[in-house]
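The next block holds one structure in the form of structure tokens; read it before the comments.
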Amino acid sequence: MKNLSGSSKRTDLSLHWQKLDKAFYERSDVLEIARDLIGKILVTRFNGVTTAGRIVETEAYNGVTDKASHAYNGRRTRRTETMYARGGLAYIYLCYGIHHLFNVVTNVENIPHAVLIRAVEPLIGQATMLERSGKPAVHPTLTKGPGNMARALGIFTRHTGLDLTGNEIFMADDGYLPDPQQLMSTPRIGVDYAGADALLPYRFILLGSPFVSGKK
DNA sequence: CTGACGATTCACT
DNA sequence: GTGAATCGTCAGC
């Protein structure tokens with residue numbers, strides 16, 4: 001599907017994308033879902049204002065056996081309750097008192113798998129993203145890293161539990177396919193407390209994207 | 001009720 | 001490389 005004829009980028013994109021459905025999120029292999037999400041589009045639409053970006057970095061959290069997961073060992077609290085819902089809901093929590101981290105819940109009810117979306121490349125609504133972030137110009141730090149990304153897209157903890165097949169926050173496929181050579185897995189970021197599980201290759205990135213977090 | 005701390009980011013040395 | 005910011009959550013008393 002060829003498009004991107006100059007300035008009509010926005011229209012072309014919204015005409016051709018297809019919202020990801022429940023079946024996508026309810027699959028049992030969270031690693032596969034995390035990998036498949038690379039190249040998909042994350043969209044927010046609040047009060048008629050749309051912002052969207054192409055996902056370039058994700059991390060899988062593999063349920064009750066994963067020491068890095070909030071649901072490790074079946075841990076079930078008010079905060080993590082959403083992780084135990086059926087796939088396709090947003091799980092958003094506050095990190096370090098400042099950052100709102102956006103995850104998608106996967107698998108069926110009572111299996112608390114999730115994928116953290118860590119970075120996108122801005123596609124739609126850059127001006128809105130700049131307003132929200134208080135930044136003067138588009139720069140990789142606008143949507144690089146989970147805290148920055150959520151801020152630019154206007155995602156807050158109050159959106160936790162939202163159904164991602166709805167119209168406020170959703171993900172979509174516009175036919176873009178990442179170059180398999182650029183799709184890499186690495187250990188996850190910031191989960192040193194997880195011991196051996198911190199070494200698992202559960203992070204997926206689009207190699208070469210300036211929006212992928214971490215050092216160069 | 002209390003204290004410790006985090007799936008981070010940024011300013012500063 | 002180091003440390004501060006900042007607050008909801010959670011375990012423990």
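Throughout, a chain's letter reflects where its sequence line sits, starting with A, and its residues are numbered from 1.
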Do the side-chain N and O atoms of [X] and [Y] include a donor-acceptor pair separated by under 3.5 angstrom?
X	Y	result
A:S213	A:E57	yes
A:E26	A:T106	no
A:N167	A:K19	yes
A:H100	A:Y93	no

Using a heavy-atom cut-off of 4.0 Å to chain A, what are the terminal contacting nucleotides of DNA chain B, in 5' to 3' order? B:dG6 to B:dC10
Taking every non-hydrogen atom, the tightest pair across [X] and [Y]:
X	Y	value
A:I92	A:T160	N-OG1, 2.9 Å
A:L20	A:T165	O-CG2, 3.9 Å
A:M83	A:A114	CE-CB, 3.9 Å

What stems involve DNA chain B, if each pair must be Watson-Crick or G-U and both of its distances must be under 3.5 Å, with 3 or more such pairs in a row? B:1-6 with C:7-12, B:8-12 with C:1-5
Taking the six-membered ring where the residue is Trp, are the ring centres of A:H159 and A:F46 under 6.0 Å apart? yes
I want to check one thing: is the phosphate of C:dC10, taken as OP1 and OP2, less than 4.0 Å away from some side-chain N or O of A:R79? yes
Any base atoms under 4.0 Å from A:R151, or only sugar-phosphate, or nothing? Heavy atoms, all strands. nothing
So what does A:L101 hit on the nucleic acid, given a heavy-atom distance under 4.0 Å: a base, only sugar-phosphate, or nothing? sugar-phosphate
Expressed as a whole number of Å, how far does the P atom of C:dG3 sit from that of B:dC5? 16 Å
